[in-house]
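Just the heavy atoms: all of them, side chains too, but no hydrogens, waters or symmetry mates, feed the values below. Chain A is the first sequence line, chain B the second, and so forth, proteins listed ahead of strands; every chain is numbered from 1.
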Number of protein chains: 2
Amino acid sequence: MTEKQQNILTSGLELFASEGYNNISTSKIARHAGVSEGLIFRHFENKEGLLNAILAQGAETAAAYYSTIVLESDPKTAIRKAIELPMSIPREELNYWRLIYRLKWQQFNYGAEMAEPLRSALIIAFQELEYSMPEAEADLVLAYIDGMATTVLLHPERNADQIAASMINKYSL
Amino acid sequence: MTEKQQNILTSGLELFASEGYNNISTSKIARHAGVSEGLIFRHFENKEGLLNAILAQGAETAAAYYSTIVLESDPKTAIRKAIELPMSIPREELNYWRLIYRLKWQQFNYGAEMAEPLRSALIIAFQELEYSMPEAEADLVLAYIDGMATTVLLHPERNADQIAASMINKYSL
DNA sequence: TTAAATTAAGTGAGTACTTACTTTGTTTTT
DNA sequence: AAAAACAAAGTAAGTACTCACTTAATTTAA
């Protein structure tokens, strides 16, 4: 991984996240990265290849997140951690998640299969706590996470901590 | 409003909703609507003008929704109706909402100001029920609605009614 | 009641420009 | 010297949009 190669990845993430995959041309990325346009294709074959490389790099750090919940043995702690997930996104990963959410509403459907292990973990947690509809309860938390992530990424003026506290309050955790 | 003009609006909504504003060219819309490309510009001036006309047409029917909640005097009923909102979208309006959610993650931010009256109504409802943090509680419901709408629009295989039931169960309505 | 005049609806080829991607050649590194 | 990294110019297909023009419908005038 050369320096320019990493520059392309970083610029691509920043631009794709802030303006959208289709609104950003390869020439813009090259200019932003201080690199010739052809280099993008040398390293990543095509525009979608660049996107996949960006997503792969982001997914590595993102996977660490999910794992702390999936590996949590106490069901109450797991649910609490899941609810707090959207606010615990570190600054440097905000762009990655902005990109994921943008792509979800383009033709691709990234991020869907990524959340599957989290869903399983939540179902198990609610089963252990003997909820009558553990799957619906898990999907509710997932819907909340989805909406809350949108709030954090698009409306940073809202008080996310208070909202999450209200949600946690609905469960006896 | 001539027949061809309506054809353009209908085709535009369908294509924009399913593939995104930036992914659909005016020539594609013209072909889909069985119309010459120039006619789009004769009637709607430019591509964004067409988008606005589509949104205006959809907003008329959509406004009826929000109003039943905003005008609801009983706070408990208002909250319940809000929670049930995402599943009560009629079939013929699904494309309109898909388009709204797509646009939210493109450069525009439609839909944000549309939900403002709903937010105010929810805050008042929670105040009347003497919740300690009515604003956070309202934003929580809004985040839920957002995530749940995503579920309904993107993952129709999930059992939305059960999830909503779980949510309603969290409040003593 | 026709005929002429005016407006509106519609066409499709052409505009300048942008797009993703290629090719060719030069520099840097090992 | 060989290979990898990089730059710059180029290409074909597509983009939103325009323009000269035709057709259909409506209004006005004789």
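The interatomic distance linking A:Asn46 (CG) with D:dA13 (C1') rounds to 16 Å, in whole Å. The nearest whole Å value for the distance from the CD1 atom in A:Ile40 to the P atom in C:dA20 is 9 Å. Going from atom CG of A:Leu50 over to atom P of C:dC21 covers 10 Å, rounded to whole Å. Atom CD in A:Glu3 sits roughly 13 Å away from atom C1' in D:dA5 (whole-Å rounding). Straight-line distance from the CD atom of B:Glu48 to the C1' atom of D:dC17: 14 Å, rounded to whole Å. Atom CG of A:Leu39 is separated from atom P of C:dT26 by 18 Å (rounded to the nearest Å). The separation between B:Glu37 atom CD and C:dA9 atom P is 19 Å, rounded to whole Å. The CZ atom of A:Arg42 sits 11 Å away from the C1' atom of C:dT22 (whole-angstrom rounding).
With salt bridges taken as basic N to acidic carboxylate O contacts below 4.0 Å, none links B:Glu19 and B:Arg102.
Contact check, B:Ser36 against C:dG12: no side-chain N or O comes under 4.0 Å of OP1 or OP2. Regarding contacts with the backbone of C:dT19, every side-chain N or O of A:Lys28 stays at 4.0 angstrom or more from both OP1 and OP2. Phosphate proximity of D:dA7 to A:Lys4: present, with a side-chain N or O under 4.0 Å from OP1 or OP2. Between A:Thr2 and D:dC6 there is a side-chain polar atom (N or O) within less than 4.0 angstrom of OP1 or OP2. Proximity of B:His43 to the phosphate of C:dA8: no side-chain N or O atom is located under 4.0 Å from OP1 or OP2.
The residue B:Ile8 sits apart from the nucleic acid: no heavy atom pair falls under 4.0 Å.
Side-chain atoms of B:Phe41 lie closest to D:dT18 of the nucleotides D:dT18, C:dT22, D:dA7. Of the candidates D:dT15, D:dC17, C:dC21, the closest approach to any side-chain atom of B:Ser27 belongs to D:dT15.
The CG atom of B:Leu94 sits 6.0 Å away from atom CD1 of B:Ile89, with the distance rounded to the nearest 0.5 Å.
B:Tyr131 and B:Phe126 have perpendicular rings, their planes meeting at more than 60° on a 0 to 90° scale where under 30° would count as parallel.
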Audit row: B:Glu116, B:Arg119, salt bridge (Lys or Arg N to Asp or Glu O under 4.0 Å) steps and yes/no:
CA-CA 5 Å; B:Glu116 207 48 51; B:Arg119 190 172 116 98; 3.5 Å; yes

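If you check the side chains of A:Ser18 and A:Glu14, you find no donor sitting under 3.5 Å from an acceptor.
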